[in-house]
Number of protein chains: 2
Amino acid sequence: MPKVGMEPIRRQQLIDATMATIDEAGLADSTIMQISRRAGVSAGIISHYFGGKDGLLEATMRHILSELGTSVARRRQAQSSSDARAHLYAIVEGNFDRSQVSQAVMKTWLAFWTTSMHKPSLQRLQRVNDRRLYSNITYQFRKHLMPEQARTAARGLAALIDGLWLRGALTPEKFDTSSAVLLACRYVDEQLDGSSTA
Amino acid sequence: MPKVGMEPIRRQQLIDATMATIDEAGLADSTIMQISRRAGVSAGIISHYFGGKDGLLEATMRHILSELGTSVARRRQAQSSSDARAHLYAIVEGNFDRSQVSQAVMKTWLAFWTTSMHKPSLQRLQRVNDRRLYSNITYQFRKHLMPEQARTAARGLAALIDGLWLRGALTPEKFDTSSAVLLACRYVDEQLDGSSTA
DNA sequence: CTTTCTTTATTGAACGATCAATCAATAAAG
DNA sequence: CTTTATTGATTGATCGTTCAATAAAGAAAG
């Protein structure tokens, strides 16, 4: 069947298969044979399109990060105003959209977080994404808070988002996204409204 | 030299070597040879004392969990009163003591979090610990809040603790423990004091 | 005291299994 | 006939486990 335009299709199939395999067996027990078998192709094709297993994992992480960035940007652009609260809400909602808050995506993300601490290439990806989230949040808080307060509020919100998300990933039960969003948005309110004491 | 009382010594040496190796190379690239070499013993001794690599990893996780439990319990017992705020502060401080908030312990913990999602034996350990933290927090909040509010506040505080801790583990910079404690304690205050709107 | 026996501690080479990567072969499409 | 796509057996390396051998330290017996 081969000839043209197979590359983007295969790449997507393999990235999806990678997340599904990590979800099922964990990154440590995910072999290229399992992944390729799930994608319906041979093992050799991975080296052909991604240069090897590492390339596939990095591409998978890029894909997840890209989807997160898109889901946040989409909600922020939907805001016509420059209201800080609305933008912070959008950021929170975007982080709990994550295209899909599926167990597969969350487990894959956590696996990459762990791996990124020892693989410079993945660490750079994670850092860039992290910095962007933090500085976006800080920028919005600065509209209503003093620089120092804004930084603290941003640290708190970022931690709250990651913590809620982490706990959603760790518990086998369905992740209650809406209550997590509500909790994080209430934190935003507390930071914006209760700033009179300092 | 052998004869008596080597077991507890070797076990501790190997657990320490495990955390140090995970800190340096990551769990995925930690072999029993590296670990045993760092502990100054042969590879075979691991199977002798822990039954195998899995046993060593489970023992290491138990050790970390035990140290966390101890550091929280110690600070709570230091409280003579039954004041909710003081106990919540103690819980927060205990979680950021973690015996040592070293990179080695944090990386090991994160590695086990990731692994526990696919290994029932580790998952049970993690769940028990998680439940205990959550119910302890909920119990304290219930002294001043309605059940539903207490649960929400507990979810928020637990997430905030985990999130701050996770971000401390992910950033290469030194983890600013005191500011993390301050931030989490301020969250406790906001939950306890600002409950008049509901 | 010293000789034998037993237990505990430890080693490290050998084994078997697993896995990522390679590459020559194949097949379809232009 | 060339290019793109794909296969899957082979290869080479790695790793966890096993196990027979060894060593030291008491214990028992003379």
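Just so it is clear: chains get the letters A, B, ... in the order the sequence lines come, proteins before strands, and each one is counted from 1.
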Contact class for A:Phe50 vs. all strands (heavy atom < 4.0 Å): base, sugar-phosphate, or nothing?
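If one applies the 4.0 Å heavy-atom cut-off, A:Phe50 turns out to touch nothing in the nucleic acid.
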So what does B:Ser30 touch, heavy atoms closer than 4.0 Å: a base, only the sugar-phosphate, or nothing?
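Counting heavy atoms under 4.0 Å across all strands, the contact made by B:Ser30 is with sugar-phosphate only.
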Measure from [atom1] on [X] to [atom2] on [N] and round the result to the nearest Å.
X: B:Tyr49; N: D:dG16; atom1: OH; atom2: P; value: 20 Å
X: B:Arg37; N: C:dG12; atom1: CZ; atom2: P; value: 13 Å
X: A:Arg11; N: D:dT6; atom1: CZ; atom2: P; value: 13 Å
X: B:Leu14; N: C:dT10; atom1: CG; atom2: P; value: 10 Å
X: A:Arg10; N: D:dT7; atom1: CZ; atom2: C1'; value: 12 Å
X: A:Ile45; N: D:dT7; atom1: CD1; atom2: C1'; value: 8 Å
X: B:Ile35; N: C:dT11; atom1: CD1; atom2: P; value: 15 Å
X: B:His48; N: C:dG12; atom1: NE2; atom2: P; value: 16 Å

Test salt bridge (Lys or Arg N to Asp or Glu O under 4.0 Å) on B:Asp189 and B:Arg85 and set out the steps.
CA-CA 8 Å; B:Asp189 292 337; B:Arg85 194 183 310 254; 2.7 Å; yes
In the structure shown, which nucleotide is the Watson-Crick or G-U wobble counterpart of C:dC15, with both distances under 3.5 Å?
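Per the H-bond distance test, D:dG16.
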Mind checking who C:dG30 pairs with, Watson-Crick or G-U wobble, both distances under 3.5 Å?
D:dC1
Do any N or O atoms from the side chain of A:Lys119 and from the backbone of A:Asp54 form a donor-acceptor pair under 3.5 angstrom?
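Here the side-chain-to-backbone pair does not exist.
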Distance-only, no hydrogens or angles: does the A:Asn129 side chain make a donor-acceptor pair with backbone N or O of A:Leu125 under 3.5 Å?
no
Nearest to the side chain of A:Thr31, which nucleotide is it out of D:dC15, C:dA20, C:dT11?
C:dA20
Can you identify which nucleotide, out of C:dA9, C:dG12, C:dC19, has its nearest atom closest to the B:Met6 side chain?
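Closest of the options to the side chain of B:Met6: C:dA9.
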Per-nucleotide protein contact string for nucleotides 21-26 of chain C (B base, S sugar-phosphate only, - none; heavy atom under 4.0 Å):
SB----
Neighbour count above 12 (heavy atom, 6.0 Å) for B:Arg37 CZ:
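No, the 6.0 Å shell around CZ holds no more than 12 heavy atoms from other groups.
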Sorted by chain and residue number, the salt bridge (charged side-chain N to carboxylate O under 4.0 Å, His left out) partners of B:Arg62 (sequence neighbours excluded) come out as B:Glu58
Hey, does A:Trp165 have a side-chain heavy atom less than 4.5 Å from the side chain of A:Asn95?
no
Any A:Trp113 side-chain heavy atom under 4.5 Å of A:Gln126 side chain
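A:Trp113 vs A:Gln126: side chains touch.
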